[in-house]
Amino acid sequence: MSDFIEHAPDKPEPLAERQKRWAQESAEAWIAHDAVVQARDEKTIRLKALRLAKQAADAETERQRAAEAPARKKRKPAQPKT
């Protein structure tokens, strides 16, 4: 308890000054929050673009493999033994 008394201001801060300080702190917090949200959104967009590019490359590779693969011969159906 004595620690609190040592750090207590000599006189209380007026309400108007406290409200001004709170408004400033709130504005700073919103700026920081918006920066975090923007960074997250940019990262999400970048990762989505990378994922889509990989999917397109994989699909193209699959199409090339299918085109290069030799066509399989169809088997004749088995003749029933009589």
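Below, each value reflects all heavy atoms present in this structure, side chains not excepted, and no hydrogens, waters or symmetry copies.
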Between E28 and I31, does the side chain to side chain contact (heavy atoms under 4.5 Å, CB included) criterion hold? Intermediate values first, please. CA-CA 5 Å; E28 291 171 1; I31 290 170; 5.6 Å; no
Separation between CD1 of I45 and CG of L50, rounded to the nearest 0.5 Å: 12.0 Å
Is K20 salt-bridged to E17, going by a charged N under 4.0 Å from an acidic O? no
Sequence neighbours left out, what pairs pass side chain to side chain donor-acceptor pair (under 3.5 Å) with at least one residue falling in residues 39-52? Q38-E42
Using the side-chain contact (heavy atoms from CB on, under 4.5 Å) criterion, which residues pair with E25? Sequence neighbours excluded. R21, W22
